[in-house]
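Just so you know, these numbers come straight off a predicted model, no measurement behind them. In the text below, chain A, chain B and the rest are named by the order of the sequence lines, each starting its count at 1.
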Amino acid sequence: MPYLPFLLQGALVTASISLVAIALGIPLGLALAIVRWQRIPLLSQLVALYVSVVRATPAITLALLIFFGSPSIGIVLDATTAAILTLLINTSAFNCEIWRAALIDFPRDQLEAARAYGMSPGLAFRRVILPQVWRTSLPALVNEMTLLVKASPALAVIGIVDLTRAASRIGAATYRPLPPFLAATVIYMLMVMLLVVAQRHVERMVRERYGTG
Amino acid sequence: MASADDARLAVELRKLGKRYGSLQVLADIDFSVATGATVCILGPSGSGKSTLLRCINFLVRPDEGEVYLHGKRIGVKNGASMTERELCRYRVRMGMVFQHFNLWPHLTVLENVIEAPMHVLGRPRADAVGQGKALLAKVGLAEKQDVYPHTLSGGQKQRVAIARALATNPDVLLFDEPTSSLDPEIIGEVLSVMEELSAEGMTMIVVTHEMGFAREAADAVIFMDAGRIVEKATPEAFFTRPSTKRAQQFLQRYMR
Amino acid sequence: MIRDFAVALAHYDAYLNGLWNTLWLSAATLVLASLAGAAVAALMLARNKAMRLAAAAFVDAMRCVPFLLFAYLVYYGLPALSLQLDSWACGLIALVIYHTAYMAEIVRGAWTNLSREQIEAGRAYGFAGFPLFRRIILPQLFFASVPVIGNQSIYILKDSAFLMIITVPELTFAASSVQSTYFVPFASFVIAMLLYWLVTLGIEAAVKRVELAAEVRRG
């Protein structure tokens, strides 16, 4: 396949944009979850609205809105920034709910002990809550990563030459669309499977070290 | 309102009250604990004992009354309620042992013990570890320092919790039904650690159902019912000649 | 900006048309994928090992593939199999096959989590065969899976938007057409976003009603 390098370049674009969105989306989701968990007035409701609307929006619609719509409100974005922003906004909403579920479920007993020992709320969060909550959230967070990668083909419509667009271009040039799309499918599957394997590995490690209790 | 006696009083509660909605959970609570004394709080379930204990270190904020730790008022500063951060300074001077141990599962036994000394008091790691190991040896769990809490039995967890409470060199130790979650055979190992601490002169306030411990180790017994203190007496007086009807009924049910 | 929204909203028929198509596609997919998914779930629990492995392979594969890629494969692949279908049909087929895999997983999960005791009680009271299935098993399956199926239908709704790329005239395609004709991108896509949101709220409200009904029975 002479076009393989071009395809792999597209795969690299997909992977790098996805990784940036994932890396930023996890802490952003946590920040949003904390706002709701702490019931900060006004901000809490805004976050709830944001999460509700973004989770209902298809990735492709969001991408089109951000890339083509932003100039209308005075913001000029290049395609790559718009792409990262799209995936970031999308994943942060889902991550917020994941973190929030873990925070709500967190045993009050341990918090009571932390307070009794004179830990300030910030210290208690950093040393007691966060280390445990990230372990509970990990499977769901990795699942969301796979969903992000599976949604990333949406970026092809805003001019990013990601894996999907690369396959599309090759198909257009060679008049044989099926082979490049099949190859692209395989590459996507490998990316997703990599994440799934990593998740199972981490789950096992956490279970062995800290027990199921 | 400092008096000469204040230095001898580790904890003093004056006219404490707490309401949850329309329910008066605590009313007119008045008592003091001398430095080095062990006071046991007894009473039926729902009498407000746990809430009272939590008012002492302000895990629960009382609606009325005052709390003093070694003569200094907790919870209110210059007429305004203290913030959580300000309360932290007082809380770290009181150790608390909980009914369900409340150990932090993501830390090893030793890490649980050194956590507050290092991160709340800012002690260097070497000091905290040295003291932590000594405390674990004192409660008989030196060899368990590197395991995670989920591998321990209830009695072992509670002893770790006691070591953890001692690690910040507290002025007062608060115990909230420390043996209520333990199997009968294991209660003894925890009670003997508590008796030793009491004998060594630690100021302790213990909410418990263990009458034997109260009889042997307490300097004073406080009996509560329906949010009020019904009787205050020495253990001998309380267990042999309870002066109130409620106390008599309670003891009849609990003593074998 | 207000002017933009006014312009976009003046073409409300385009959005409603697109919304209707989106809803139609999603509902059809939900029904067909549920039925096919139940069948695949049955295969996953079959005695025949080859059938079990084939079904599991299908489900695992679909769950690793991005939907847009699969839609492309169907769109370009069917002609290769001498099936000349329009983009509508290709889109629907892609949605149905893709979500059959997810539905199979949901049904299989609900089936394996069925309470054995209740079925036993049903049989002890003389229920058997179809009546057993209809009056004892099916209600349990239903109440257990409705929240998850509700969730999945939101995914179906969102996946349908990808079909705009193969020119299926659903809601996002409509929004895109309006914006490119009248140059109101922000307004146009915001309207589309709000419509998706309203539909999602509707689905979530319906799921809540069913969950309440389940609570009443479960206590």
Exercise. Would you say Arg52(C) has more than 12 foreign heavy atoms packed within less than 6.0 Å of its CZ?
Worked result: yes

Problem set entry | Atom CG of Leu81(C) with >12 non-hydrogen neighbours under 6.0 angstrom | yes

Under 4.5 Å from any heavy atom of chain C, what part of [X] do you find: side chain, backbone, both or neither?
X	answer
Val53(A)	both
Leu147(A)	side chain
Thr146(A)	neither

Exercise. Just by distance, with hydrogens left out, do Ser52(A) and Trp197(C) show a side-chain donor and acceptor under 3.5 Å apart?
Worked result: yes

Mind listing the closest non-hydrogen atom pair of [X] and [Y] along with its distance?
X	Y	result
Met164(C)	Leu64(A)	SD-CD1, 3.8 Å
Phe181(A)	Leu69(C)	O-CD1, 3.7 Å
Phe186(C)	Leu65(A)	O-CD1, 3.7 Å
Val192(A)	Cys64(C)	CG2-O, 3.7 Å
Lys158(C)	Arg55(A)	NZ-O, 2.9 Å

Under a 4.5 Å heavy-atom cut-off, does chain A meet the side chain of [X], its backbone, both or neither?
X	result
Ala61(C)	both
Tyr155(C)	side chain
Leu68(C)	side chain
Val184(C)	neither

Problem set entry | Whether Lys150(A) side chain and Arg63(C) backbone form a donor-acceptor pair below 3.5 Å | yes

Exercise. Looking at Pro58(A), Ala56(A), Gly69(A), which one has more heavy-atom pairs under 4.5 Å with chain C than the rest?
Worked result: Pro58(A)

Problem set entry | Heavy-atom pairs under 4.5 Å with chain A, option from Thr172(C), Thr200(C), Leu201(C) with the top count | Thr172(C)

For this session: Name the member of Tyr76(C), Phe70(C), Phe67(C) that forms the most heavy-atom pairs with chain A at distances under 4.5 Å.
Result: Tyr76(C)

Roughly how far apart are [X] [atom1] and [Y] [atom2], rounded to 0.5 Å?
X	Y	atom1	atom2	result
Ile60(A)	Ile165(C)	CD1	CD1	3.5 Å
Leu73(C)	Leu182(A)	CG	CG	5.0 Å
Ser188(C)	Phe68(A)	OG	CZ	12.0 Å

Problem set entry | Pair Tyr72(C)-Leu178(A), side-chain contact (heavy atoms from CB on, under 4.5 Å): steps then yes or no | CA-CA 8 Å; Tyr72(C) 269 131; Leu178(A) 228 39; over 6 Å; no

